[in-house]
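Here is the structure we will look at.
Reminder, nothing fancy here: chain letters follow the sequence lines and each chain counts from 1.
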Protein chains: 2
Amino acid sequence: MEYTVLVRMNEKLFLRDPESSELGRRIVRQGILLMADIGFEEMTFRKLADRINTKEASIYRYFENKHRLLVYVVAWYWQWLEYQLIFQTNNLPDPREKLERVLKLLLLKDVSSFSSQPVADELDIVALHGIVIREASKAYLTRHITEDNRQQLFKPYKDLCSRIAGIILEYRPDYPFARSRASSIIETAHYQAFFMQNLPSLTDFGSKPNETPSPENDERLLRFLQHLLFSSLETDTF
Amino acid sequence: MEYTVLVRMNEKLFLRDPESSELGRRIVRQGILLMADIGFEEMTFRKLADRINTKEASIYRYFENKHRLLVYVVAWYWQWLEYQLIFQTNNLPDPREKLERVLKLLLLKDVSSFSSQPVADELDIVALHGIVIREASKAYLTRHITEDNRQQLFKPYKDLCSRIAGIILEYRPDYPFARSRASSIIETAHYQAFFMQNLPSLTDFGSKPNETPSPENDERLLRFLQHLLFSSLETDTF
DNA sequence: ATCTCTTGATAGTAATACTATCAGTTATGC
DNA sequence: GCATAACTGATAGTATTACTATCAAGAGAT
C-alpha cells in the first residue's frame, strides 16, 4: 500500500514536503506517535526532535509550527479516509450499504490491514485515528480559521463531507440537509468515541473511565450511529 | 437576576472564589470578553491583567492557569443553561415541547433578557455562548481529562446531559440511547453553529464565510436539529 | 572539482507561564 | 479603636516555549 502515491498533499500545509525525505517522514510518523502519546499541547518540536535524533531547527524547516503539523496529519487522515471510502464502496450498488461502510470507517472498523502494527515506512493509522478524535477540532477551532480556510487547509475534510453527502443523496435524493448530515455524523462518531472512553456517563456505551476500548462497546456505538443516520434519512418530517 | 445565588460553583474550579470579590468578578467577566475577542490560545493572564488594571500575580491567586479559567466559565455556562432549562420547562406538560425548548436554548434563542447588553455586574451570555461554541471542547479534549473528571470539573455538563436525557425518556420511555442522544445533540448544535459561520460549505445553512449570524440561518439550523432529534426518537429501528 | 541541497550544531531572542517576596491597604474580630 | 488577618499591587525572577539566524560538514549531482 503506497501512501505517498495515494496521498498528495496541499503544498500550503508544509514548508518543505515531508514525504520528500527520510527526515520528513520521520517527523510525520514519529510526530503522530508522540502526539498520540502525550497530547497536542504537551508536544513540542524540542521533544519530537530529541525523539528522532534531530534538532528543533530541522523540524521548523518542514513545518511552520506544531499547529501546522497537526493540520497536516489531520488533513492526511481525511484524504486517506476518503480514499478508503472510494475504494471500499466502489463495487457496492446499494447506497445503504455504502452508508454502513462510511460508519464503520469512521470507527476504523474492518480496516484490517492497518489495525495492528504498521510496517516499515507506513504511518500508524490507529494512533492517527486517536489523534483525530482527540485533537482534530483544535485544527479548526481557532481564531485564524478564516485565513487557514482561504489557504484550503481544510479541503480534505470538506471533500470527505461532500462525498458522504453525495451518498446520502443517492440514498435519499430529496434529503434537504445532506451536508450538515454528513458533517454531523462524522463529528458525532468521534465525540461519542471520545466520551465512551473518557466520560462514559455521557454515553450509553462504555462503563468505567479509561477502560480499554472493547469491541462490544464499539459495536454498540456503531449501532447508535446507524440508528441516528438512518432514522434521519427515513423520516418524512423536516 | 442574581447569578451568584443561581450558580454555586464547585470549589475545585478555582483557587479563590471569583464571585467573592470585585476583582474576581472582573477577572471572570472581562476574561469572557477577552477570550471571546481574541480566542483562548491568544489570551494570556498578562493581557487580561492589563485589561482590568491589575497584575498577573493577582489573577493567579484566583485561577491556577488559563485552562482552569476556561473550565470555570464553561462550567458556569452549563449550570446557567440547566437552570434556564428547569425554569423554562417547569410548567410544560408536553415532553415534546420541553425538547423544543432544549434546542432553542442550545442556540440561545428567545433568551430575551440576556440577548443584548449585559447590565452592571452580569456577565455577557452572548459572548459566553460564543466561547462555549468555539472553545468548550478544549476544556475536556485534553490529556489530563481523567484527573479533571475525578475532580468533578465536568459535573455541570454531565448534569445538563442527564436532565436532557431525562426529558428524552419522558418523551420516549423505551429509547435505548438517551444519554448519547443528549450529549450528541448538544455537540451537534454547537458544531453546526460554528461551521455555519466559519466553514459554511460543511452545512446547508449560511452562505459566505464570516457572514454575520442571520436569524434565517439560525432558524434553518434549528429546524435541522429538530429534524435530527425527533426523527431519532420516533423511529422504531434500533 | 565545484555547486547545491540538506542537516547538524550552536546561539540567541521574545514571549509565556508561572512563583516568590514584600509593602501597603482594607476588612474583621474583639 | 486596635490588632490581626486577608487581599492587592508592585517588582523581580525562573524555566520553558516558540521560534530565528548563522555556519560548517556531508552527500549528491553536474
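When each of Glu42(A) and Ser20(B) is assigned the nucleotide of DNA chain D bearing its nearest heavy atom, the one mapping closer to the 5' terminus is Ser20(B).
Regarding Arg16(B), its CZ atom lies at a distance of 12 Å from the C1' atom of dA5(D), rounded to whole Å. Taking atom CD1 of Ile59(A) as the reference point, atom P of dA9(C) lies 13 Å away to the nearest angstrom. With rounding to whole Å, Phe45(A) atom CZ is found 14 Å from dT20(D) atom C1'. When the C1' atom of dG8(C) is taken as reference, atom CG of Leu48(A) falls 16 Å away, rounded to whole Å. Nucleotide dA18(D) holds its C1' atom 13 Å from the NZ atom of Lys47(A), rounded to whole Å. Between the CD atom of Glu41(B) and the C1' atom of dT17(D) there is a distance of 15 Å, rounded to whole Å. Per the geometry, CZ belonging to Arg68(A) stands 15 Å off C1' belonging to dA18(D), to the nearest Å. Rounding to whole angstrom units, CG of residue Leu15(A) and C1' of dT7(C) are separated by 16 Å.
Between Arg46(B) and dC18(C), a side-chain N or O to OP1/OP2 separation shorter than 4.0 Å is absent. Look at Tyr62(A) and you'll find a side-chain N or O under 4.0 angstrom from OP1 or OP2 of dT7(C). Here Arg61(B) does not reach the OP1 or OP2 of dG9(D): none of its side-chain N or O atoms lies under 4.0 Å away. For the pair Ser21(B) and dT8(D), the criterion of a side-chain N or O lying under 4.0 Å from OP1 or OP2 is met. OP1 or OP2 of dG9(D) lies within a sub-4.0 Å distance of a side-chain N or O belonging to Ser58(B). In terms of phosphate contacts, Thr54(B) brings a side-chain nitrogen or oxygen within less than 4.0 Å of OP1 or OP2 of dG9(D).
Candidate nucleotides dG9(D), dC18(C), dT7(C) were compared by shortest atom distance to the side chain of Leu23(B), and dG9(D) ranks first. Side-chain proximity of Glu56(B) to the nucleotides dT6(C), dA17(C), dC7(D) is greatest for dA17(C). For Ala57(A), taking side-chain heavy atoms from C-beta onward, the closest of the listed nucleotides dT8(D), dT20(D), dT11(D) is dT20(D). Counting only heavy atoms from C-beta on, Lys55(A) has its side chain closest to dT10(C) among dT16(C), dT10(C), dT6(C). For Tyr60(A), the listed nucleotide lying nearest its side chain is dC19(D); candidates were dT19(C), dC19(D), dT17(D). Proximity note for Asn65(B) (side chain, C-beta onward) versus dT6(C), dT17(D), dC18(C): the nearest is dC18(C).
No cation-pi contact links Lys66(B) to Phe45(B), judged by a cut-off of 6.0 Å to the six-membered ring centre and 45° from its axis. Taking the centre and axis of the six-membered ring of Tyr62(B), the NZ or CZ atom of Arg16(B) falls inside the cone set by 45° and 6.0 Å.
Looking at heavy-atom distances under 4.0 Å, Glu22(A) makes no contact with the nucleic acid at all.
Of all heavy-atom pairs spanning Ser137(B) and Leu141(A), the tightest one is OG-CD1, 3.2 Å.
Put simply, the side chain of Asn198(B) gets close to the backbone of Phe194(B): a donor and an acceptor are under 3.5 Å apart.
A salt bridge is absent between Arg143(A) and Asp148(A); no separation between the charged side-chain nitrogens and carboxylate oxygens falls under 4.0 Å. Note on Arg29(B) versus Glu22(B): no salt bridge recorded, every NZ/NE/NH1/NH2 to OD/OE distance being 4.0 Å or above.
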